[in-house]
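Reading through the structure tokens given below for one structure.
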Protein chains: 2
Amino acid sequence: MAEPDAIDRRLLALLQADGRTPHAELARVVGLAVSSVNERVRKLGERGVITGVHASVSPEALGLDLLAVVFVGWSAPDVEKRFLDRVAEEPAVLECHHVTGAWNYLLKVRVRNTRMLEAFLAAVIKSVDGIERTETLIVLSSPKETATLATDPPAWAG
Amino acid sequence: MAEPDAIDRRLLALLQADGRTPHAELARVVGLAVSSVNERVRKLGERGVITGVHASVSPEALGLDLLAVVFVGWSAPDVEKRFLDRVAEEPAVLECHHVTGAWNYLLKVRVRNTRMLEAFLAAVIKSVDGIERTETLIVLSSPKETATLATDPPAWAG
DNA sequence: AATGAAACCAGATGTGA
DNA sequence: TCACATCTGGTTTCATT
């Protein structure tokens, strides 16, 4: 799969910023005809470069005021599958990353409050047999939280 | 700001899954007229419940194959502003969270490879005067990575 | 708040160049 | 890739309830 060219990258930047930008506007910015933009955007979708278009929702508007990072650890190798199956189906878990270091996995969890976080740890994490230890960090504030990827290499890149 | 009612929450779930779902389809699912759906969606945007619609891009398609979690720590209180100003403008930093525990901040960083991660730590993090220590975790895999919020409380919620 | 109809506008498609 | 025309279908508005 060839990497997107310069024009594709600009289209991706624009569509990451606003997924409903009209093709006419895209065409104006990148300096192509609307039909060309249409074909490029279609191909970016077909090739899986654009994986979807999603509405972003304010967590606070849904009462989800608490963000937490939960590290999870175990020793027995058979724990992993049960753990992953459980977190996959759990909407409160936004992210689950297998990480290097002292812990097995890192979870990003969004809930209403500390009471619900306590319930989450008891009902979801501790309910998985074999989990031996967890460590929970509370997020006090998030100065930056985006999924927008850099479409061009930074100045400091080798 | 009143929390969204049951119909709004279903609209939010649908639009989080696919931000371009036609209003006719939304209307069919929730059992309202298209014009009613249109007004609800418009108000959800006006009230800031829906903060935007964004295309999701595959990191691998852009060659961003390495995800890392970087903890950052310092002692002097004047470091924070410089640090936040620097990471705010840095596209490689997807998330920046103020966290409880032994560290000041947690960063989620996406780069091409370990060489670029090394450059990031040198050019971005260490370039901020006063930063005393960092710890970097490499993400080996991400079984789950979504921004889709739960629109209904889980069964285990108190 | 919800509705149906009408008006408007954007996306998709096909042609020839 | 483009310009153009066209078709289709979604979005938005409005008068009404």
Side-chain angles (χ1 to χ4, degrees), chain A residues 1-64 146-149 151-153, chain B residues 1-58 61-63 146-153:
Chain A
M1 185 197 293
E3 282 198 24
D5 67 10
I7 291 179
D8 281 340
R9 291 201 304 273
R10 294 181 69 190
L11 292 174
L12 291 172
L14 291 162
L15 290 171
Q16 283 189 107
D18 182 357
R20 289 177 311 185
T21 312
H23 291 188
E25 166 78 0
L26 299 176
R28 195 182 58 74
V29 174
V30 305
L32 287 184
V34 174
S35 51
S36 307
V37 167
N38 202 352
E39 191 177 358
R40 279 176 178 264
V41 172
R42 182 178 56 77
K43 283 183 182 169
L44 286 169
E46 281 174 1
R47 280 191 274 153
V49 178
I50 295 176
T51 58
V53 178
H54 308 281
S56 295
V57 173
S58 159
E60 291 76 18
L62 287 170
L64 298 171
T146 180
T148 304
L149 304 178
T151 50
D152 288 292
Chain B
M1 187 197 293
E3 281 198 25
D5 66 11
I7 291 180
D8 283 339
R9 290 201 304 273
R10 294 180 69 190
L11 292 174
L12 291 172
L14 292 162
L15 290 172
Q16 283 189 110
D18 182 357
R20 291 176 310 185
T21 311
H23 291 187
E25 166 78 0
L26 299 176
R28 194 184 58 76
V29 174
V30 305
L32 287 184
V34 173
S35 51
S36 306
V37 166
N38 190 48
E39 191 177 1
R40 279 177 178 265
V41 171
R42 184 178 55 76
K43 282 183 182 170
L44 287 170
E46 281 174 0
R47 281 191 270 153
V49 178
I50 294 176
T51 57
V53 178
H54 308 281
S56 295
V57 174
S58 159
L62 288 170
T146 181
T148 304
L149 303 178
T151 49
D152 288 293

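Chain letters run A, B, ... following the sequence lines, proteins first, then strands; residues in each count from 1.
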Report the distance from atom CZ of A/R42 to atom C1' of C/dA10, rounded to the nearest whole Å. 17 Å
Would you compute the distance between atom CZ of A/R20 and atom CD of A/E25 and round it to the nearest 0.5 angstrom? 14.0 Å
Rounded to the nearest Å, what distance is computed from the CG atom of residue A/L44 to the P atom of nucleotide C/dA12? 13 Å
Distance col, row A/R28:CZ vs A/T21:OG1, nearest 0.5 angstrom, shows 11.0 Å
Expressed in angstrom and rounded to an integer, what is the separation of B/L26 atom CG from C/dA2 atom C1'? 16 Å
Quick one: does any side-chain atom of A/H54 pair with a main-chain N or O of B/G19 as donor and acceptor, under 3.5 Å? no
In whole Å, what is the span from the NZ atom of A/K43 to the P atom of C/dA12? 14 Å
Separation of C/dC9 C1' from A/R20 CZ (nearest whole Å): 15 Å
Ignoring hydrogens and geometry, is there a side-chain-to-backbone donor-acceptor pair from B/T51 to A/S56 under 3.5 Å? yes
Using atom NE2 of A/H23 as one end and atom P of D/dA3 as the other, report the distance to the nearest whole Å. 17 Å
Nearest-Å distance for atom pair CG/P, residues B/L11 and C/dA2: 10 Å
Near DNA chain C, counting only heavy atoms under 4.0 Å, which residues of residues 29-39 of chain B show up? B/L32, B/A33, B/S35, B/S36
Separation of C/dG11 P from A/I50 CD1 (nearest whole Å): 13 Å
Quick one: pull up CZ in A/R42 and NE2 in A/H23 and give me the separation to the nearest 0.5 Å. 11.0 Å
Answer yes or no: does a side-chain N or O of B/R40 lie under 4.0 Å from OP1 or OP2 of C/dA2? yes
Distance (rounded to the nearest 0.5 Å) between B/R40 CZ and B/I7 CD1: 4.5 Å
Could you tell me whether the side chain of B/R10 and the main chain of B/V29 form a donor-acceptor pair under 3.5 Å? yes
Show me the dot-bracket string of DNA chain C, counting Watson-Crick or G-U pairs under 3.5 Å, with | for pairs to another strand and [ ] for crossing ones. ||||||||||.||||||
Output for pair (B/I50 CD1, B/L44 CG), nearest 0.5 Å, gives 5.0 Å
Hey, could you give me the CD/CG distance between A/E39 and A/L32, rounded to the nearest 0.5 Å? 11.0 Å
